[in-house]
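Below, read A as the first sequence line, B as the second, and so on, with proteins coming before strands; counting in each chain starts at 1.
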Number of protein chains: 2
Amino acid sequence: MPRSNPPDDADRPDRPDTPDRPDRPYHHGDLRRAILRAALDVIAADGPSALSLRDLARRAGVSHAAPAHHFKDRTGLLTAIAAEGHALLATTLTEADDLRDAGVRYVRFAREHPAHFQVMFRPELLREDDLELTTARALSSERLRVAVSTARPEFDGADPRLAAIAAWSLSHGFATLLLSHNLDAVVGDRDPEDVFRTATELLFPSTGR
Amino acid sequence: MPRSNPPDDADRPDRPDTPDRPDRPYHHGDLRRAILRAALDVIAADGPSALSLRDLARRAGVSHAAPAHHFKDRTGLLTAIAAEGHALLATTLTEADDLRDAGVRYVRFAREHPAHFQVMFRPELLREDDLELTTARALSSERLRVAVSTARPEFDGADPRLAAIAAWSLSHGFATLLLSHNLDAVVGDRDPEDVFRTATELLFPSTGR
DNA sequence: GGGCAATCTTGTCAGTGACAAGTTCTGGCT
DNA sequence: AGCCAGAACTTGTCACTGACAAGATTGCCC
């Protein structure tokens, strides 16, 4: 496999008014974003354990200690990714019409942002007291609770927190198993989101539609 | 925290007929098991990424290269753990009465064998073509399929593979979120398995019982 | 235009996985 | 009994990694 990611020009923004010089400038210009992009590529391809700060620095064309200035350390980088993930998830959940749509969006989020998703729920990899992370996570779980509270009548009278757990477990389990390739055989060529929708039909026998 | 595990005598089996010698014998006696035990402790406490072969060797009182002789490398050790986990899971699923009981057992397995569980579904950590792993996994997923096929009447006529996905997703998601401490706030002091049972009631409205 | 803080570099240290080559023990065969 | 083949373990080494410290460069603000 060819290194998972061809050198992406977006990593080194060209500065139009600078005469062309083959040796890179002292300041990268947008190193933080470049590191994040590269990190997401690596994690999506090989998981968080394959992440190396020095490798990311190499990809961005900077020295091995440069990333630390933006993220402090490896945990800091993963924490930033997790926080970004929770923010993205909160946004997409906000747009959901109903609980079922929220579940589908949860699965879609995991597929479209696999690196974020693989990091968000691994406390041992994160700085749990990070402010950015805790606020982002509070927001996304708030959105989840809202989605459940506006749910269809099946859950009337039930403990809403239990209902949230049930819905979350179902979506999270499907997304997790999907990303870890444990459903490949069953899903086949079909659209995973369709499979998820159909599978949930078995549990929430479709009343309306 | 005091190193997660007090030096466990079971790691160094005493040989009764040997005169007491403070310096360890050249052969450990049961190094493979000792390494596995220590690895499970570390993973349960801090996740697979905290695993260090050299640390395990230190705990077992052997040289840094000794573990490699039993497990080839880090991936080999994790693969052995995953295979053992699938075997254990298959056993407990075999004893399940019905689908709901299988789900509860799945969650209980994750709680009682958190290290195994955290490794079993991470292909990027494993040697996927390992024979022991593939056969053990085939057995455990076979048991899951059986549990679903003998399920209660809700699923009559439904695609059994979809039903399996739905049930598996629900149990797997709950177990995953539970182990990653994402349900701590809601579960509180209650028995997690009770919470799971109650939550699933919302999705499979209890007919019998 | 001068200084200051942000950004990035070089240098270094201990820890790690993997491999190679040597040492010690065990068990089985004759 | 003896021996020897190979299993179990050791020592030694290499490249790589994360973290930290200290210095160089640069943009920016007053």
Side-chain angles (χ1 to χ4, degrees), chain A residues 3 11-19 21 23-36 38-39 42-43 46-81 119 124-127, chain B residues 3 11-19 21 23-36 38-39 42-43 46-81 119 124-127:
Chain A
R3 230 2 178 168
D11 288 346
R12 292 316 288 286
D14 42 7
R15 328 249 220 93
D17 44 6
T18 308
R21 40 167 119 167
D23 45 358
R24 56 194 163 80
Y26 196 91
H27 282 59
H28 178 285
D30 201 1
L31 182 57
R32 188 185 155 93
R33 197 180 299 270
I35 295 285
L36 274 176
V42 172
I43 297 174
D46 299 319
S49 50
L51 199 72
S52 152
L53 290 181
R54 290 172 107 105
D55 179 47
L56 299 179
R58 246 171 270 131
R59 293 178 187 228
V62 295
S63 79
H64 66 257
H69 201 274
H70 293 274
F71 299 103
K72 167 75 177 168
D73 55 14
R74 221 182 93 104
T75 302
L77 171 57
L78 292 171
T79 301
I81 291 175
V119 162
E124 81 272 16
L125 301 179
L126 307 176
R127 190 121 41 218
Chain B
R3 237 347 183 176
D11 289 344
R12 294 314 287 286
D14 41 7
R15 327 247 222 97
D17 44 5
T18 308
R21 41 167 118 166
D23 44 359
R24 55 192 163 78
Y26 196 92
H27 281 59
H28 178 285
D30 201 1
L31 182 57
R32 188 187 156 94
R33 198 180 298 269
I35 296 284
L36 274 176
V42 172
I43 296 174
D46 300 319
S49 50
L51 199 72
S52 152
L53 289 181
R54 290 173 107 105
D55 179 47
L56 299 180
R58 245 172 270 132
R59 295 179 186 227
V62 295
S63 79
H64 66 258
H69 201 273
H70 292 274
F71 300 102
K72 164 75 177 171
D73 55 14
R74 222 182 92 104
T75 302
L77 171 57
L78 291 171
T79 301
I81 292 176
V119 162
E124 80 273 16
L125 301 179
L126 308 176
R127 191 124 39 218

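With a 4.5 Å cut-off on side-chain heavy atoms, A:His64 and A:Arg58 do not count as touching. Looking only at side-chain heavy atoms (C-beta outward), A:Val42 and A:Arg59 come within less than 4.5 Å of each other. Looking at heavy atoms from C-beta onward, B:Asp46 lies out of side-chain contact with B:Leu51 at the 4.5 angstrom threshold.
Nearest-nucleotide assignment on DNA chain C puts the 5′-proximal partner with A:Arg32, out of B:Leu51 and A:Arg32. Of the two residues near DNA chain D, B:Ala66 and A:Ala68, the one whose nearest nucleotide lies more 5' is B:Ala66.
The base of D:dG12 sits within donor-acceptor range of the side chain of B:His64, with an N or O pair under 3.5 Å.
Atom CG of A:Leu78 and atom P of D:dT17 are 16 Å apart (whole Å). Whole-Å rounding puts the B:Leu53 CG to D:dT17 P distance at 17 Å. Distance B:Leu77 CG to C:dG17 C1': 13 Å, rounded to the nearest Å. The distance from atom CZ of A:Phe71 to atom C1' of D:dG18 is 16 Å, rounded to the nearest whole Å. To the nearest angstrom, C1' of D:dC20 lies 17 Å from CZ of A:Arg74.
Set against D:dA7, C:dA6, C:dA18, the side chain of B:His69 has D:dA7 as its closest nucleotide. Ranking D:dC20, D:dA19, C:dC19 by closeness to the A:Lys72 side chain, first place goes to D:dC20. Considering only the side chain of B:Leu31, D:dC9 comes nearest among D:dA19, D:dA21, D:dC9.
Nearest heavy atom pair, residue A:Arg74 against residue A:Leu53, reads N-CD1, 3.7 Å. Across A:Leu31 and A:Ala66, no two heavy atoms sit closer than the pair CD2-CB, 3.7 Å.
One finds a side-chain N or O of A:Arg58 lying less than 4.0 angstrom from the OP1 or OP2 phosphate oxygen of D:dT17. A close approach under 4.0 Å does not occur between any side-chain nitrogen or oxygen of A:Ser52 and OP1 or OP2 of D:dC16. When the side-chain nitrogen and oxygen atoms of A:His70 are compared with OP1 and OP2 of C:dC8, one or more of them lie within a distance under 4.0 Å. Residue A:Ser63 places none of its side-chain N or O atoms closer than 4.0 Å to OP1 or OP2 of C:dT10.
Looking at heavy-atom distances under 4.0 Å, A:Arg54 makes contact with a base.
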